[in-house]
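Read through the structure below, which is laid out as C-alpha cells, and then see the notes.
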Amino acid sequence: MTARPRLRFAPSPTGPLHLGGARTALYNWAAARAMGGTFLLRIEDTDQARSSEQSLRIILEALRWLGIDWDEGPERGGDHGPYLQTERLDIYRRYADRLVAAGHAYECFATAEEVEEGRQRLQAAGERPMYDRRHRDLSDAERDALRRERGPGSLRFRMPLDQVQVLPDLSKGDVSINLAELDDWVMVRPDGMPTYNFACVVDDLEMGITHVVRGEEHLMNGFKQAVLFERLGAEPPRYAHIPLILGAGGKKLSKREASVDVLEYRDKGYLPEAVFNYITLLGWSFSGDRDVFTKAEMLERFRIEDIGTKGSRFDDAKLRWMSGDYLRRLSADELVERVRPFVHGVVPDAAFETQPGLVRNAVRCYQERAELLAEFAEKLGWLFADRVEPDDDARKKLAKSPDAPRWLADYAALLETSALPPSWPDDRTAADAFFELPSSADRPAPAGTAPCLGPRELEARCRAFAEERGIPFGQLVHPVRAALTGTTKGPGLFDVVFLLGRRVAVERLRALAGGSAQPA
RNA sequence: GUCCCGUUCGUCUAGUCAGGCCUAGGACACCAGGUUUUCAUCCUGGUAACAGGGGUUCGAAUCCCCUACGGGAUGCCA
C-alpha cells in the first residue's frame, strides 16, 4: 500500500445534500486530506428518473458552503474522468462484456411479477426473500428463445454460493456473511444502464479509490462489491461503514424534527464552521476534553479507524450553541460581512457604505447575544425603525412605574442639551470611530479627545440625574430602554443611547412620555 | 421472517484494540449561585451513565457467551 490514498464522495443528484451525506463527504474529505491523498467527487446519476442537474448544483453548493473542496470532479476535471456516471457508459459496457464472457454474469429475462413470486416463495420457506436465480443456468437455446420472446434481459451477477465472504471494515473490524444469503443482483438494466453496485465497483477500480467511508446502509453492498472486485481480479478499497445520523426519536433523521437539508442551515444563519464542526462530532471526537476545533487541528488527528460504531442522534441545541460560540469568535469586520445578507430591509443598505462604523458598533452589540446570523434581523430592528412600539414585556415594566412619563420627559430634556452623537442618517463617523461598542467594564475607555459623550459618560450623567431626582437608577433604566428600543432586553442601555444619537433618542423618549396619557 | 451491525450521563462522547491510572473524564442541555441597568456573555458549583444475566481473572466499562433492546439490509434506488 504505497499508492497515494484516493478517496471519493459519490452522491446521487436526486435531492438536496442531506446532513448524513454531508458527514460522509466530510469524513472522506478529512481522511484524504489527513493522509495527504486526493479527494474526488463522482456523481452517481444512473437513476435517470430521479437525477437532475439542479440537484447536482445544490449539492456542490452545499459542499462548498461547508468548506469541503475536491481535487477532481465536476467543475474541476481530473485525470480519471468523466466524473458523471452517465458519461461513462462505454466503460461499464466493456466490463459487462468481460464479466459475461467469463461466466460471472448472465442475462435474466424474469418479469417483475416472476421475481416477486420467487421472493414470496422463499420467504414462505423461512429463507431470505430475493430473486430466486431462475435464469441462472439457462441453456443457450432457452436464452435465445426468451430473448426472442421478451426482448433483451437484465444482466445479473452470478454470486458464488459456497463462499463465506469476509469484509475487513476499518470501523467495525472483520464482518462476514455467507454469500448464498445474497442474491444474483442486477448489474445492468435491460436498457443498458448500470445499477449502483456495478457502476460503483467499476468506477472505484478505474479511479484508483483506496478508501471508502460510507453509510452503514451500504454494508450489504460492500459484500457484493467485494466479490465483484475479486471476479475482476482486483483488490477492493478499504471500506469503513459508519452508522447513520438519527433524529431525536432514535429513528432515521426526518424532516419533522430538524432540517436535513444542509443549505437550510445556511439560510437559517448557522455558521458553516459550526455545522462542519458539529457534524464531525457525530461519530468522531477530537479529544477527551475539547469539542471545538479548527479544520487544521482536525486534520492533524483524524483517522478513519477512530470513527465511532454507534448511531448518533442529532441535537440542534448543541449545534446552535456551537454556532453561537463560533459567532462570538468572529472579528468585527467578519461579523459585519456575514450579517449583511441577513439584514436587508432592517439595516439600510446605504448604512453599510456611508456609516460602516455605526453598523459595526450596532452589530457588535449583539455578538454575544446571538447564535444564528438570522437573529440580527430581529434584534437590530429598533435601531433604524421610524418609531418603536413597546412589546408586551416592555409594557409590563412601564406599568410598574407610574412616574415614568415624567422621568422620560426630563431625561429627554437632559439628553437634548448633551453632546450625543448625531443620529442616522447624519454623519457620525467620528463618534463611531472613537468609541468602540459594546462598552464593558473590562474594556478601558479610549484615550484622547472624544468628539462627543461616550456610553460611560452617558451612564455617569444618567446616574447623577437619577440621584438628583431621587429616582432609583434601576427604575429609570427600564422605562428608558422600553422607550428607546421597545424591548426589555438588549445591549447596555447607554450603548443604545449612543447608537441612536441625540435626535432620535430624544424623539423616542418624548413619544413615550407624551403618549402614555400623563395623569394630571 | 431472514441476514448484518450496534448498546458508557437526557444528548454527543473520552476510556474498550494493549484488563488495574475509572469512587468513569469533557461538552451541550438542565438546576443553583456570582458578575450586571435588562438580556446575553463570562465565572463557580450541582444533578446525571458502563442495557441485563452468566462466565474468564487476584482484578472487567474494558475479554468470552447468552438475553433484551435499537438500527440497517432484504429494489431493474443509491
Side-chain angles (χ1 to χ4, degrees), chain A residues 10-12 14 44-47 49-51 108 110 112 115 119 122-131 153-156 167 169 171-173 175-178 181-183 185-191 193-197 199-200 214-223 241 243-244 246 248 250-252 278 281-292 305 308-315 317-322 324 328 366-371 379 393-394 397 438 440-442 459 462-463 473-478 480-482 485 487-494 496:
Chain A
S12 64
T14 52
E44 311 215 319
D45 55 350
T46 54
D47 183 348
R50 295 195 298 155
S51 295
C108 164
V115 171
R119 256 187 216 118
L122 287 170
Q123 177 149 26
E127 292 176 56
R128 301 203 65 201
M130 57 177 146
Y131 167 63
S154 56
L155 210 58
R156 285 185 183 268
L167 190 69
D169 190 289
S171 167
K172 298 177 186 297
V175 182
S176 60
I177 196 172
N178 186 340
E181 299 284 350
L182 268 20
D183 69 348
W185 47 279
V186 171
M187 293 176 12
V188 183
R189 301 173 171 100
D191 66 0
M193 190 59 73
T195 62
Y196 166 71
N197 280 120
C200 179
R214 71 206 333 185
E216 209 168 32
E217 74 264 29
H218 287 297
L219 187 57
M220 294 295 171
N221 292 327
F223 292 117
H241 291 97
L244 276 30
L246 311 172
K251 306 278 180 196
K252 213 166 175 174
Y278 179 72
L281 245 23
L282 257 23
W284 185 78
S285 85
F286 178 78
S287 73
D289 57 5
R290 247 183 88 190
D291 281 349
V292 179
E305 296 88 325
T309 53
K310 190 182 116 191
S312 44
R313 302 180 189 217
F314 178 82
D315 180 19
K318 184 155 183 175
L319 207 208
R320 288 184 72 108
W321 166 80
M322 197 171 273
R328 269 169 253 132
Y366 285 98
Q367 185 157 20
E368 294 188 339
R369 281 168 251 262
E371 295 177 317
K379 294 183 190 292
D393 287 345
K397 291 230 165 158
S440 68
D442 46 330
E459 174 171 355
C462 184
R463 282 183 191 276
F473 184 63
Q475 283 187 46
L476 172 62
V477 148
H478 299 300
V480 172
R481 177 184 297 281
T485 71
T487 70
T488 57
K489 24 182 142 177
L493 183 59
F494 302 96
V496 167

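Every heavy atom of this structure was used, including side-chain atoms; hydrogens, water molecules and symmetry mates were not. All chains are named by letter (A, B, ...) in the order of the sequence lines, taking the proteins before the strands, and each is independently numbered beginning at 1. From a predicted model like this one, the values you see are computed outputs, not experimental measurements.
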### Message
Taking only the P atom of each, what is the distance from B:G10 to B:C66 in whole angstrom?
### Response
28 Å

### Task
Mind checking A:Y366 for me? I need base, sugar-phosphate or nothing, with any heavy atom below 4.0 Å counting as a touch.
nothing

### Query
Considering heavy-atom distances to RNA chain B, does A:A317 or A:V188 have its closest nucleotide positioned more toward the 5' end?
A:A317

### Message
Closest-nucleotide mapping onto RNA chain B: is A:H478 or A:P11 further toward the 5' terminus? I mean the 5' end.
### Response
A:H478

### Task
With P as the reference atom in both, quote the distance from B:U74 to B:U16 in angstrom, rounded to an integer.
35 Å

### Task
Check every strand shown and say whether A:A125 touches a base, only sugar-phosphate, or nothing at a heavy-atom separation below 4.0 Å.
nothing

### Query
How long is the span from the CE atom in A:M187 to the CZ atom in A:R156, to the nearest 0.5 Å?
11.5 Å

### Query
Base, sugar-phosphate, or nothing: which does A:H241 touch, judged by heavy atoms less than 4.0 Å apart?
nothing

### Task
Would you classify A:T46 as touching base, sugar-phosphate or nothing, given that sugar-phosphate means primed atoms plus P, OP1 and OP2, and contacts are heavy atoms under 4.0 Å?
sugar-phosphate

#### Entry: Under 3.5 Å donor-acceptor, A:R463 side chain and A:F473 backbone
no

#### Entry: Span that lies between the C1' atom of B:G71 and that of B:C65, in whole angstrom
23 Å

### Message
When the C1' atoms of B:C9 and B:A51 are compared, how many Å lie between them, rounded to an integer?
### Response
14 Å

### Task
For A:G324, report the nucleic acid contact type (base, sugar-phosphate, nothing); a contact means any heavy atom under 4.0 Å.
nothing

### Query
Contact class for A:R481 vs. all strands (heavy atom < 4.0 Å): base, sugar-phosphate, or nothing?
base

### Task
Name the pairing partner of B:G46, where a pair is Watson-Crick or G-U wobble with both distances under 3.5 Å, or state none.
B:C30

### Message
Work out how far the C1' atom of B:U37 is from that of B:G45, and round it to whole angstrom.
### Response
27 Å

### Task
Could you measure between the two C1' atoms, the one in B:G75 and the one in B:C22, and give it in whole Å?
48 Å

### Message
Using a 4.0 Å heavy-atom cut-off, does A:D291 contact any base of the nucleic acid, only the sugar-phosphate backbone, or nothing at all?
### Response
base

### Message
Students often get this wrong, so: under 4.0 angstrom with heavy atoms, is A:S440 touching a base, only sugar-phosphate, or nothing?
### Response
nothing

### Task
Would you classify A:T309 as touching base, sugar-phosphate or nothing, given that sugar-phosphate means primed atoms plus P, OP1 and OP2, and contacts are heavy atoms under 4.0 Å?
sugar-phosphate

### Query
So what does A:E459 touch, heavy atoms closer than 4.0 Å: a base, only the sugar-phosphate, or nothing?
base

### Task
Give one of base, sugar-phosphate or nothing for A:L122, where a contact means two heavy atoms less than 4.0 Å apart.
nothing

### Message
For B:G6, give the paired nucleotide (Watson-Crick: N1-N3 plus N6-O4 or O6-N4; G-U: N1-O2 and O6-N3; both under 3.5 Å), or none.
### Response
B:C69

### Task
Give A:L493 one of three labels, base, sugar-phosphate or nothing, depending on what nucleic acid heavy atoms sit under 4.0 Å from its own.
base

### Message
Under a 3.5 Å cut-off for both contacts, is B:G1 paired Watson-Crick or G-U wobble with anything, and if yes, with which nucleotide?
### Response
B:U74

### Message
For A:P194, is there any backbone N or O sitting under 3.5 Å from a side-chain donor or acceptor partner on A:R189?
### Response
yes

### Message
Can you list everything that forms a side-chain contact (heavy atoms from CB on, under 4.5 Å) with A:R328? Sequence neighbours excluded, please.
### Response
A:D325, A:E368

### Query
Hey, is the main chain of A:T14 close enough, under 3.5 Å, to the side chain of A:R50 for a donor-acceptor pair?
no

### Task
Looking at every strand, decide which applies to A:Q123 at a 4.0 Å heavy-atom threshold: base, sugar-phosphate, or nothing.
base

### Message
So A:D183, base contact, sugar-phosphate only, or nothing? Heavy-atom distance under 4.0 Å.
### Response
nothing

### Message
Nearest 0.5 angstrom please: A:M220 CE to A:E181 CD, how far?
### Response
8.5 Å

### Inter-nucleotide P distance (B:G20, B:A61), Å rounded
10 Å

### Query
When you check the gap from the basic side-chain N to the acidic O, do A:D315 and A:K318 get nearer than 4.0 Å?
no

### Query
Parallel, tilted or perpendicular: which describes the rings of A:F314 and A:Y278, with under 30° parallel and over 60° perpendicular?
perpendicular

### Message
Going 5' to 3' along RNA chain B, which are the first and last nucleotides with any atom under 4.0 Å from a heavy atom of chain A?
### Response
B:G1 to B:A78

#### Entry: Pair assignment for B:U38, Watson-Crick or G-U wobble, requiring both distances under 3.5 Å
none

### Message
Return the CG to CD distance between A:L493 and A:E459, rounded to the nearest 0.5 Å.
### Response
8.5 Å

### Task
For B:U8 versus B:G1, give the span between their P atoms, rounded off to a whole number of Å.
24 Å

